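Being a predicted model, the structure only gives us computed values, none of them experimental.
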Amino acid sequence: MKLIVPNKMSEIKLADYQKFVRLEGDDEFLARKAVEIFCGLKMDVILQMKASSLTSVTSILMNAFAERPSLTQKFTIGKQTFGFIPSLEEITVGELNDVDQYISEWPQMHKAMAVLFRPVVATFGNRYEIEKYEGSDKYAEQMKEMPLDVTIGAMLFFWTLGKDLSTASLISLAKEQEMNLTPLLNFLKNGDGFQSTISSQEVTH
């Protein structure tokens, strides 16, 4: 049997990470669920795997989650290209309020991304224009299909520049995100019985 294991964040969907991050359990349970969710393998098959094979798979996932993605300005879902807000300095009060509301919780992250990314409606050389904001619900479901590296890159970029836009609320946001971003990485790094080549990995915002 051939098993396809994501070895880059770009190969993982936001929706899949949202499924995993809400799970609770011991390391052995989380290891099996990680393979089930990120590799698309059924649990009855996972239970027949060699322990050494499970360790190898989780090591590959660990390396993928060790990435520190930068901002991706445009990406494509199906035939539709979405672009990041061209200038955060021009973000509206409504957009900022919605991002601030949703970006602090992973179950709502697709809604935050639906604020920061919208369909590109015009391109001018290296510049582009995106669709006018009409609320996060319009593209929230589509954002669940976006790559995780694009999600995290946008989140970190927004936090870095957003502190000048909304100081008090984003200080609180930063603390919450530092806790919420790391569950899979911590599990893969520290879980009993797993080999790790990375001695220390922290998500620093």
Side-chain angles (χ1 to χ4, degrees), residues 6 8-22 37-38 65 67-184 203-205:
K8 297 184 293 185
M9 265 192 198
S10 60
E11 298 173 350
I12 297 172
K13 295 180 181 179
L14 170 57
D16 289 336
Y17 188 76
Q18 287 176 309
K19 290 177 184 176
F20 182 84
V21 78
R22 68 188 183 195
I37 292 172
F38 299 121
F65 279 88
E67 295 178 15
R68 298 295 180 267
S70 58
L71 176 67
T72 298
Q73 291 186 309
K74 292 189 288 185
F75 71 97
T76 302
I77 297 177
K79 296 182 179 181
Q80 194 162 42
T81 299
F82 290 85
F84 189 80
I85 294 177
S87 174
L88 281 183
E89 293 180 355
E90 298 180 5
I91 193 171
T92 67
V93 173
E95 290 169 335
L96 181 59
N97 180 71
D98 286 352
V99 175
D100 200 17
Q101 176 183 354
Y102 297 130
I103 205 169
S104 63
E105 298 291 340
W106 275 106
Q108 305 295 324
M109 190 62 69
H110 58 293
K111 294 183 179 180
M113 293 300 110
V115 182
L116 295 174
F117 289 94
R118 299 195 292 279
V120 174
V121 295
T123 302
F124 317 95
N126 293 328
R127 296 182 299 168
Y128 59 90
E129 180 181 345
I130 60 175
E131 185 178 296
K132 183 178 179 181
Y133 184 57
E134 299 178 5
S136 61
D137 290 343
K138 188 171 183 179
Y139 295 107
E141 288 302 310
Q142 285 179 263
M143 291 299 104
K144 291 181 179 181
E145 300 298 309
M146 70 187 295
L148 186 60
D149 66 321
V150 178
T151 302
I152 293 179
M155 183 188 70
L156 298 179
F157 183 81
F158 174 79
W159 179 81
T160 300
L161 297 185
K163 61 184 178 181
D164 296 327
L165 303 172
S166 180
T167 53
S169 61
L170 288 178
I171 288 174
S172 175
L173 163 65
K175 293 178 181 178
E176 292 177 13
Q177 284 300 311
E178 189 167 355
M179 291 186 294
N180 289 339
L181 182 59
T182 58
L184 177 61
V203 174
T204 302
H205 293 204

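Ring centroid separation for the pair Phe65 and Phe38 comes in under the 6.0 Å cut-off. Taking the six-membered ring for Trp, Tyr139 and Phe82 have ring centres closer than 6.0 Å.
Here the closest heavy-atom approach between residue Ser136 and residue Ala114 is recorded as O-CB, 3.3 Å.
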May I have the step-by-step check of side chain to side chain donor-acceptor pair (under 3.5 Å) for Glu90 and Ser87, ending in yes or no? CA-CA 6 Å; Glu90 298 180 5; Ser87 174; 4.5 Å; no
Check the pair Gln80 / Gln142 against side chain to side chain donor-acceptor pair (under 3.5 Å), numbers first and verdict last. CA-CA 10 Å; Gln80 194 162 42; Gln142 285 179 263; 3.2 Å; yes
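The pair Lys111-Glu141 fails the salt-bridge criterion, with no side-chain N (NZ, NE, NH1 or NH2) lying under 4.0 Å from an Asp/Glu carboxylate O.
Panel note: side chain Glu105, backbone Tyr102; no donor-acceptor pair is recorded below 3.5 Å. Side chain of Glu67 to backbone of Met9: a donor-acceptor contact under 3.5 angstrom is found.
The environment of Glu131 atom CD is dense: over 12 non-hydrogen atoms of other residues, nucleotides or ligands sit within 6.0 angstrom.
Here the side chains of Asp98 and Tyr133 are in contact, with some heavy-atom distance below 4.5 Å. The side-chain heavy atoms of Lys74 and Tyr128, taken from C-beta on, include a pair separated by under 4.5 Å. Under the 4.5 Å side-chain criterion, counting only non-hydrogen atoms from C-beta, Met109 is in contact with Met155. Side-chain contact between Met146 and Met113: present, with at least one pair of heavy atoms (C-beta onward) separated by less than 4.5 Å. In this structure, the side chains of Ile152 and Arg68 stay at 4.5 Å or more apart for every pair of heavy atoms. Within the 4.5 Å cutoff, the side chain of Ile130 has heavy atoms near those of the Ile85 side chain. By the 4.5 Å heavy-atom criterion applied to side chains, Val150 and Phe117 are counted as neighbours. Side-chain atoms of His110 and Gln18, non-hydrogen and from C-beta on, do get closer than 4.5 Å to each other.
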